[in-house]
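Let me begin by presenting the structure, written as structure tokens, before commenting on it.
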Amino acid sequence: MTTTEEHTPGPTTAEIGGVGHSVKRKEDDRFIQGGGQYIEDISLPGMLHLALLRSPLPHARIVSIDASAAEQLPGVVAVVTGEALAAHGLAWMPTLSGDTQAVLATDKVRFQGQEVAGVVAESPYIAWDALELIDVEYDALPPVINPKIALSSDAPVIRDDKEGQTDNSCYQWESGDKAATDQAFAQADKVVSIDTHYPRSHPAPLETCGCVADLNPVTGQATIYMTSQAPHAIRTLFAMVAGLPEENIRVVSPDIGGGFGNKVPIYPGYVVATAASLLIGKPVKWIESRSENLISTGFARDYYMHAHLAVRNDGTILGLRVNMVSDQGAFYSDAQPSKFRAGLFHVVTGSYDYPAAHVVTQGAYTNKAPGGVAYRCSFRITEASYLIERLVQNAAYELNMDPADFRMKNFIKPERFPYHTPTGFVYDSGQYAAALQKALDDVGYAGMPQEKEEARKEGKLVGVGIASFTEAVGAGPSKDYDIAGLKMFDSAELRVHPTGKAILKLGTKAQGQGHETTYAQIVANELGIPASDIAVREGDTDNTPYGLGTYASRSTPTSGAAAVVIARKLREKARTIAAHVLEASEEDLEWEPGRFFVTGAPDRGVTIQDIALAAYSNYPEGTEPGLEGVHYYDPPNLTYPFGSYVVVVEVDEETGVWKVRRMVAVDDCGVRINPMIVEGQICGGLAEGYAMSSMQYITFDEDGNCIGSSFADYLVPTSWETPRFQLDETVTPSPHHPIGAKGVGESATVGSPAAYVNAVIDALLPYGVRNIDMPVTPARVWAAMQEAKAG
Ligand code: CDP
């Protein structure tokens, strides 16, 4: 496959709608007509409702819980406490990162918003009212909010439930070669450093988390409808935690209103609802409120990062040193592959070619809600990408070089792929300079000095920021990647019906990414069956093959690849049947999309639809009837999408308010299955990157109160605030993916924050400002200017 400037459609026509066609999203008919089926839409006969009581304190011993008044309230069916769960061995649960987490607190509460008790009632309103009647006596303990303080020797131990835990260290992990890095630094002309915090943020999906647990006491069958991005893995873990036989558990993830990593972990609400349904014998529904979602589930980021770059005066990078402390909150409950305790943060060497790096990471427990979910990010790559792109920009300034030239000089050259990074990744393919050059041309980079000067005359500061990111998506390979011991591969099962229509079932689960359309396009590309004739099913563990789910942009690299392979296998079987129907030998048959024909006699052919009918009615003796199969795909490597984003901003010197003048995003995700959907994914990610860099901030006061528990405080940009984006592309296929595709879902969230911040820092060059932590609010910009003025 060749590298191109732009995508070109594959072998199929637009009517068939294979790879490279902007087929309209099938699922949108359902969504825009209000026909989606979300958890809140599910109502079962006799269904009860669960509400959770949450701790007002971030750190306290539980002295007593008196639920007698709540139990008396008419309509209340049961009050569930940690003590009651403990009797069934369910007060604590294992997490996806190998830690334990309280389902309902028994000994202590460890963050504000922690689940303390649950009320099951006939209506959600009664359940909420009853929460107020539960009397919990707490004995307050000093909260530890800052991870660096948490790691000091005199900090109170938060996880005293864990045997042998004598401090607040959650994990320690390093990567790279310390000796080689020390040597690189010894040879440096200059060492450039940055100290920055990637703040705690929240994926804030439109739909909050929830479930309906339906345990039939007669049959023992458990059906759990759940907002889960990984229904198969959750079923297995539920079987392990609750001791339920796995064949009796069916997890169904219906339509999901956005996930972004928020719906990967197992939350106490799921477990309490399931336990309650098991004990009461009726279906139980639990749905988070917006504030519950924002204060208790699925925080992201919260990385304190300190990095040094060793450089020569001519602009050559020699090595990188990184020290990072992550704030994990009270439980290490996000999903990290067990080999990589700080996720894929060690991709921090970025898009640059240098021999040495050493990355030291440490996680701290604090009295905050559990954090660290990969918010539209492949296991901590967003933080890494932000750090290196901020650092190289500053290095260019210190060397008096243009930041674009500095990057161009140090990029990994196309001929160096597959490229082995100093921290152990093997990048599959890339042409970084071409992507950056395109972005620079599109944004009018050559004219920037003049634009800056003209703006200065009008009293405005203009800056230009670049980020040239490399992503690593599509986990496995299973030899390196697992979640809680479950190896990371994924699957596709394809059946072509006698009438030539098909159904494709996968182990992944979309939350809005358009899988029903793009997976159908993959099969259309391979078999020539129109994409509109192919139904796609995901999310029901009884009716789809096993897989690890959708997050970390892994669907296209894993299940997408599995769909290609199984379609190709069926095409080979179709060849056998076609030869039988045409009374020709298999070797004499040629394929064109949708049809086999005899070489040299194009009129003697048979369509895939006729072959499908023959597979059930006229197949050769000794051939298994039917046209269906399943493939489990274990990728040989991650895929490495990349891109260059360039932002031009204008800063008001009087107020610190900044606005985006232009933003250009050049993305390369290899072969694009559906260019329109890819562009939608990129626009969404650029908007989220803008939100994080400019306005989103979940912080805590010194008493551990979470500030940011509603959309009045945690800001989500509307179309009014969101800048306009200009998109462009290069196409560098992945050499190991069967159609050359790389994942793209999170590229823009990963790449864009550094571009926005670099642009503001560039605008403030006259002030010599080198860092403002995100969110770069007008107040922070203004304060940075005042501080610089004061000297
Ligand atoms: O795992 P997730 O679906 O979030 O991420 P993805 O695999 O990057 O895919 C996001 C959406 O973009 C899906 O609908 C993909 O099929 C589509 N896509 C595409 O059309 N071409 C690519 N090269 C990558 C993704």
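Whatever order the structure lists ligands and atoms in, that order sets their numbers, starting from 1.
Set against the non-hydrogen atoms of Ala741, the atoms of ligand 1 under 4.0 Å away are 23 (N). Residue contact check: Gly743 has heavy atoms under 4.0 Å from atoms 8 (O) of ligand 1. Each of the atoms 23 (N) of ligand 1 lies under 4.0 Å from some heavy atom of Cys669.
Contacts with ligand 1 closer than 4.0 Å are made by heavy atoms of both the backbone and the side chain of Thr556. If you look at Glu746 next to ligand 1, there are no close heavy atoms at all, none under 4.0 Å. Both the backbone and the side chain of Val744 come within contact range of ligand 1, each with a heavy atom under 4.0 Å. Contacts of Val678 with ligand 1, taken as heavy-atom pairs under 4.0 Å, involve the side chain alone.
At under 3.5 Å, not a single nitrogen or oxygen of Thr550, backbone or side chain, sits near a nitrogen or oxygen of ligand 1. In terms of N/O distances under 3.5 Å, ligand 1 is approached by Ile673. The N/O atoms of Gln681, backbone and side chain alike, include none that comes under 3.5 Å of an N/O atom in ligand 1. Polar contact check, Val671 against ligand 1: a nitrogen or oxygen pair lies under 3.5 Å apart. Of the polar atoms of Tyr551, none of the N or O atoms is found under 3.5 Å from an N or O of ligand 1, judged by distance alone. An N or O contact shorter than 3.5 Å is missing between Arg672 and ligand 1 by distance.
Between the OH atom of Tyr270 and the CZ atom of Phe238 there is a distance of 8.5 Å, given to the nearest 0.5 Å. Going from atom CZ of Phe725 over to atom SG of Cys683 covers 6.5 Å, rounded to the nearest 0.5 Å. Taking CD1 from Ile256 and NZ from Lys509, the interatomic distance works out to 5.0 Å, rounded to the nearest 0.5 Å.
Remark: side-chain polar atoms of Ser22 are paired, donor with acceptor, to backbone N or O of Met676 under 3.5 angstrom.
Contacts of Ala300 classified as side chain to side chain contact (heavy atoms under 4.5 Å, CB included), with partners at least two apart in sequence or in another chain: Ser201, Val373, Tyr375. Listed by chain and number, the residues in a salt bridge (Lys or Arg N to Asp or Glu O under 4.0 Å) with Asp28 are Arg25 (sequence neighbours excluded).
In this structure, the ring of Tyr198 has its center less than 6.0 angstrom from the ring center of Tyr386. Note: Phe489 and Tyr633 fail the aromatic proximity criterion, with ring centroids not under 6.0 Å apart.
Only one option out of Lys26, Arg30, Arg537, Lys505 pairs with Glu516 in a salt bridge (charged side-chain N to carboxylate O under 4.0 Å, His left out); it is Arg30.
Tyr546 and His232 have tilted rings, their planes meeting at an angle from 30° to 60° on a 0 to 90° scale.
Here the protein heavy atom with the shortest distance to atom 5 (O) of ligand 1 is Ser553 CA, 3.5 Å. Nearest protein neighbour of atom 14 (O) of ligand 1, counting heavy atoms only, is Gln513 O, 2.6 Å. In this structure, the protein non-hydrogen atom closest to atom 3 (O) of ligand 1 is His515 NE2, 2.7 Å. Looking only at heavy atoms of the protein, atom 22 (C) of ligand 1 is closest to Lys742 O, 3.6 Å. If you check which protein heavy atom lies closest to atom 12 (O) of ligand 1, you get Ile677 CG2, 3.8 Å. From the protein, the heavy atom lying nearest to atom 20 (O) of ligand 1 is Asn674 N, 2.9 Å.
In terms of heavy-atom proximity, Ala531 sits nearest to Gly17 at CB-O, 3.7 Å. In terms of heavy-atom proximity, Ala492 sits nearest to Ser559 at CB-O, 4.1 Å.
Contact annotation: Gly670 has no heavy atom less than 4.0 Å from any atom of ligand 1.
Closest heavy-atom approach to atom 2 (P) of ligand 1 within the set Ser555, Ser22, Gly261, Gly745: this belongs to Ser555. Looking at Val473, Val731, Thr518 and measuring to atom 16 (O) of ligand 1, the nearest heavy atom belongs to Thr518.
Side-chain contact check for Asn293 and Thr297: at least one donor-acceptor pair (N or O, by modelled atom type) lies under 3.5 Å.
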